[in-house]
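Report on the following structure.
The residues of the chain are indexed from 1 along the displayed sequence. Nothing here was measured: the structure is a model prediction, and the numbers come from that model.
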Amino acid sequence: MDVNVAAAAVAALSGLAVGVTGVLAFRWSERAQAAGTAQAASEGAVQLPPGVAIVLSVLRSSAVVLDERDAVVKASSAAYTFGLVRGDQLVPDQLLRMARETRRDGEIRQRDLLLTRRDGQELEVSARVAPLGSRLVLLLVEDRTEARRVDAVRRDFVANVSHELKTPVGALSLLAEAVLDASDDPEAVRRFSGRMQVESARLTSLVQELIDLSRVQNDHPLQDMSPVPVDELVAEAVDRCRQLAQNKQIALAVGGDPGLVIPGDHNQLVMAIGNLVENAVNYSPERTRVDIDVRATGRKAVIAVSDQGIGIPSRELDRIFERFYRVDPARSRATGGTGLGLSIVKHIVAGHGGEVTVRSMEGAGTTFTLVLPLQPADERGDAPDAASMRPGASSAPSGSSDLAPSYNSREGSR
């Protein structure tokens, strides 16, 4: 009996061992199968051809690679920054349609598209789609918004130059005929001759400003700079407009930190400041005030020209530095403006390593601010530095927020 019990116990233990072994084997098989499936999926996943990822990383264009499910396999950082890719999905529907068409027939496509970003900004892009191997599609997208704007500005410039030159030349031709016809009328001759002088002066001014613009329109900084006292620049600029201001009973007030010195071209800097002051006077009502404030802020000289004039609409502020752009063409012509003054200012300041900004409110005036680097102290020689001589000197333009903007961007943009 004991033998039978022992045999049964041995059999039960053997069965248990077999069962445990079977379960373990089954679990191991499941895991191995899962691992094999994952490995197969990994091996079946879409892989980029060798070197493609490196090429995409150095492209200036936004680059996106899609698989057969339209999922993003690889995208350049520019594509994410540009807003083309969100997560693993291509966002613009126009690009997605191009990719599907190319995947279907294998044809390379190139189109100019207008895309709208999430912030509502519209962008003009050039998109090119091509097959990449048998399962992938490559999209290259280049932002052409700024390039198209520059092209439009250039076309407008040529058209505007032709128009601006045609107006005074045509007027001179008509006035010359009128003088001939009125040769026996001294009063008419004097009247027409006076008009001819006005048109001739306008033509001369336009040609001179075109010459000035061609000289200063350079993206490279000036090669030969000399220390220039800001006081002298402001004094000459104000002197240029003194008679014009007196005719309108406009006060020209100069204040701030004396003795500042900046490196640059004396004549160009006088032209830039003078254009601002002249604009401020031209577009200010009679018996008002134009303020020219000079301050040292850190290593920068800040020159603010403020007026109490008609101001500039906020929608026009982004364009006032464009050549021949005028906020009010009729009024600009009446004041003798050519639409080039502010463009000249912008290029002069950029050539001196500075920047020009504008702040304006319609009916409350305009302030134009030039920010230019100061001459290093060890290169100033005998030129005084008021900011360093006066420890308590303010480092920001005083009251600049309360002064009506400077020279109402009139000459160049109005």
Side-chain angles (χ1 to χ4, degrees), residues 27-158 217-220 318-319 322 350:
R27 294 296 185 189
W28 179 86
S29 176
E30 277 189 332
R31 292 180 179 178
Q33 183 178 5
T37 302
Q39 181 178 1
S42 174
E43 291 175 353
V46 178
Q47 300 292 326
L48 290 178
V52 171
I54 298 176
V55 173
L56 296 183
S57 66
V58 299
L59 287 177
R60 296 183 60 183
S61 303
S62 299
V64 182
V65 178
L66 301 179
D67 62 15
E68 67 273 13
R69 297 177 294 107
D70 291 331
V72 175
V73 177
K74 181 71 176 178
S76 64
S77 57
Y80 288 98
T81 303
F82 200 53
L84 300 180
V85 177
R86 193 181 307 161
D88 64 345
Q89 297 297 317
L90 183 67
V91 177
D93 292 335
Q94 303 100 308
L95 296 178
L96 199 56
R97 286 194 295 269
M98 288 181 64
R100 290 170 178 171
E101 292 171 2
T102 295
R103 185 184 299 112
R104 184 168 54 250
D105 56 24
E107 295 292 330
I108 297 176
R109 287 175 169 80
Q110 182 167 352
R111 296 174 187 168
D112 292 332
L113 303 174
L114 184 64
L115 303 181
T116 303
R117 297 177 56 170
R118 283 181 292 176
D119 57 5
Q121 180 183 2
E122 289 189 341
L123 303 174
E124 296 185 54
V125 303
S126 176
R128 186 177 179 85
V129 184
L132 187 64
S134 59
R135 304 174 62 185
L136 302 178
V137 174
L138 172 65
L139 295 93
L140 297 177
V141 180
E142 184 176 358
D143 183 8
R144 302 288 298 168
T145 306
E146 182 63 18
R148 297 288 167 80
R149 190 192 69 82
V150 171
D151 288 342
V153 170
R154 288 174 178 170
R155 290 193 300 270
D156 290 344
F157 177 71
V158 174
Q217 193 171 355
N218 191 341
D219 293 333
H220 303 287
D318 291 338
R319 299 195 60 189
E322 293 179 9

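- Judged as a salt bridge (charged side-chain N to carboxylate O under 4.0 Å, His left out), and not counting sequence neighbours, Asp88 has no contacts.
- For the atom pair Leu136 CG and Asp67 CG, the distance stands at 7.0 Å (nearest 0.5 Å).
- Between Val91 and Leu115 there is no side-chain heavy-atom pair separated by less than 4.5 Å.
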**Prompt:** What's the verdict on side chain to side chain contact (heavy atoms under 4.5 Å, CB included) for Val141 and Val64, showing C-alpha distance, side-chain angles and the deciding distance?
**Reply:** CA-CA 9 Å; Val141 180; Val64 182; over 6 Å; no
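- Here the options are Val85, Val73, Val72, Val129, the test is side chain to side chain contact (heavy atoms under 4.5 Å, CB included), and the partner is Leu66; only Val72 passes.
- Taking both residues in full, the closest heavy atoms of Gly106 and Pro131 are given as O-CG, 3.6 Å, listed atom of the first, atom of the second, then distance.
- Scanning both residues, Ser126 and Gln110, for their nearest heavy atoms gives OG-NE2, 3.5 Å.
- Interatomic distance, CD of Gln89 versus CG of Leu96, reported as 8.0 Å (0.5 Å rounding).
- For the pair Ala75 and Tyr80, the tightest heavy-atom approach, listed with the atom from each and the gap, is CB-CE1, 3.6 Å.
- Annotation: salt bridge (charged side-chain N to carboxylate O under 4.0 Å, His left out) contacts of Asp105 (sequence neighbours excluded): Arg109.
- Here the CG-CD distance, from Asp112 to Glu124, works out to 8.0 Å after rounding to the nearest 0.5 Å.
- Residues forming a side chain to side chain donor-acceptor pair (under 3.5 Å) with Ser77 (at least two apart in sequence, or on another chain): none.
- The heavy-atom pair separating Ala99 from Leu139 by the smallest distance is CB-CD1, 4.3 Å.
- Atom CD1 of Ile108 is separated from atom CG of Leu138 by 9.5 Å, given to the nearest 0.5 angstrom.
- For Glu68 and Arg135, the salt-bridge test passes: some basic side-chain N is under 4.0 Å from an acidic carboxylate O.
- Of the inter-residue distances, the one linking Met98 atom CE with Leu90 atom CG reads 10.5 Å to the nearest 0.5 angstrom.
- Distance check: Leu123 CG to Thr145 OG1 gives 4.5 Å after rounding to the nearest 0.5 Å.
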